[in-house]
Amino acid sequence: MLTELVYCSVATRILTMEDLDGILELSREKNARLNVTGILLHSARTREFMQLLEGEKKDVEDLMGVIEMDERHTCVDVMYQNEIKTRSFEDWSMAFRPLDEMDSKLLEGYTTFNAESLPPALLKGRTSRARSMMTTLSKDL
């Protein structure tokens with residue numbers, strides 16, 4: 001059964017483009033072995049990550065377990081998980097987009113994706129906002 005999972009987190013330090021390239025290279029190799037696809041977004045301004053993973057449920061959940069233990073980020077928050085029929089990023093073991101350079105229409109109302117820093121009033125609807133943003137991105141690749 002195919003599943004998709006979206007999570008967000010905050011890097012424990014400022015990451016350089018070289019750091020991000022290293023993360024992407026290792027992620028792409030591992031994801032290709034696991035047949036996991038998806039996209040990684042990163043904001044240099046807020047140090048936040050948002051990632052969508054898609055693949056067989058067990059593979060995605062096992063990978064998420066490893067991601068949660070990675071000390072390069074904190075505040076890991078699974079925002080959305082659901083069964084899917086087809087992949088949105090089937091050609092990408094790990095696509096990447098700098099979040100700070102994205103079209104502002106996709107980020108309308110954006111303050112942060114991390115639940116711990118959002119006031120309760122903004123938590124309502126964050127799953128659907130994350131999912132719709134990822135869906136839009138898959139069409140632009």
Side-chain angles (χ1 to χ4, degrees), residues 1-104 106-141:
M1 166 183 11
L2 283 178
T3 191
E4 67 182 358
L5 180 147
V6 176
Y7 77 90
C8 65
S9 66
V10 179
T12 54
R13 64 178 179 83
I14 294 172
L15 299 173
T16 66
M17 201 57 210
E18 186 176 282
D19 293 328
L20 289 170
D21 286 342
I23 290 169
L24 287 168
E25 184 177 335
L26 292 174
S27 296
R28 288 172 175 151
E29 290 171 8
K30 184 172 192 169
N31 291 357
R33 283 194 311 272
L34 295 173
N35 196 26
V36 171
T37 53
I39 186 169
L40 176 67
L41 308 176
H42 176 260
S43 170
R45 184 175 55 83
T46 64
R47 296 190 345 246
E48 288 177 283
F49 285 104
M50 179 185 266
Q51 185 170 26
L52 179 143
L53 301 168
E54 54 192 11
E56 291 298 322
K57 183 176 182 177
K58 181 178 181 346
D59 295 332
V60 168
E61 289 178 350
D62 288 350
L63 181 56
M64 192 62 218
V66 171
I67 289 168
E68 288 175 323
M69 301 304 293
D70 190 325
E71 295 182 357
R72 293 175 291 189
H73 62 165
T74 187
C75 302
V76 178
D77 178 25
V78 174
M79 300 170 67
Y80 171 83
Q81 183 173 1
N82 204 7
E83 187 176 322
I84 56 173
K85 293 182 182 178
T86 60
R87 296 173 189 248
S88 297
F89 297 92
E90 66 183 321
D91 296 330
W92 293 92
S93 61
M94 188 49 55
F96 175 75
R97 286 280 176 93
L99 190 55
D100 301 322
E101 297 174 12
M102 288 175 46
D103 183 346
S104 61
L106 285 175
L107 303 175
E108 190 172 315
Y110 168 78
T111 54
T112 181
F113 286 109
N114 188 278
E116 292 181 11
S117 57
L118 280 174
L122 289 180
L123 288 173
K124 185 176 181 182
R126 44 191 293 274
T127 296
S128 61
R129 182 174 65 171
R131 178 68 189 109
S132 65
M133 189 172 89
M134 294 294 193
T135 300
T136 300
L137 287 173
S138 72
K139 295 173 184 165
D140 291 341
L141 291 175

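The figures that follow rest on heavy atoms only: side chains count, while hydrogens, waters and symmetry mates do not. What you see is a predicted model; the values in this text were computed from it and never measured.
Summarising the geometry of Ser93 relative to Ala32, their closest heavy-atom pair is CB-N, 4.1 Å, with the distance given to 0.1 Å. Of all heavy-atom pairs spanning Gly55 and Val60, the tightest one is N-CG2, 3.4 Å. Looking at every heavy atom in both residues, Leu15 comes nearest to Leu20 through CD1-CD2, 4.0 Å. Closest heavy-atom contact between Val10 and Cys75: CG2-CB, 4.4 Å.
Between Glu56 and Thr3, every side-chain heavy-atom pair lies at or beyond the 4.5 Å cut-off. Residues Val78 and Glu61 form no side-chain contact, since every pair of their non-hydrogen atoms from C-beta on lies 4.5 Å or further apart. Between Ile67 and His73 there is a side-chain heavy-atom pair separated by less than 4.5 Å.
The CH2 atom of Trp92 sits 13.5 Å away from atom CG of Asn31, with the distance rounded to the nearest 0.5 Å. Taking CD from Glu48 and SG from Cys8, the interatomic distance works out to 6.5 Å, rounded to the nearest 0.5 Å. Rounded to the nearest 0.5 angstrom, Leu2 CG and Asn82 CG are separated by 12.0 Å. Remark: Ser43 OG to Met50 CE distance equals 11.0 Å, nearest 0.5 Å.
For Lys30, there are no salt bridge (Lys or Arg N to Asp or Glu O under 4.0 Å) partners, not counting sequence neighbours. Listed by chain and number, the residues in a side-chain contact (heavy atoms from CB on, under 4.5 Å) with Glu25 are Glu29 (sequence neighbours excluded). For Leu24, the side-chain contact (heavy atoms from CB on, under 4.5 Å) criterion is met by Arg28, Leu40, Met94, Phe96, not counting sequence neighbours. Residues meeting the side-chain contact (heavy atoms from CB on, under 4.5 Å) test with Met1, sequence neighbours left out: Lys57, Glu83. By the side-chain contact (heavy atoms from CB on, under 4.5 Å) test, Arg72 pairs with Ile23, Asp70, sequence neighbours left out.
Donor-acceptor pairing under 3.5 Å is recorded for the side chains of Glu54 and Thr37. With 3.5 Å as the limit, one finds no donor-acceptor pair spanning the side chains of Tyr7 and Gln81.
Partner Val36 forms a side-chain contact (heavy atoms from CB on, under 4.5 Å) with one of Asp62, Leu63, Leu5 and no other, that one being Leu63.
Within 6.0 Å of CE in Met17 there are more than 12 heavy atoms belonging to other residues, nucleotides or ligands.
Residue pairs satisfying the ring-ring contact (aromatic ring centres under 6.0 Å, His included) criterion with at least one member in residues 21-45, sequence neighbours excluded, are listed as follows: His42-Phe49.
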### Message
Between Glu71 and Thr12, is the side-chain contact (heavy atoms from CB on, under 4.5 Å) condition met? List the steps.
### Response
CA-CA 8 Å; Glu71 295 182 357; Thr12 54; over 6 Å; no
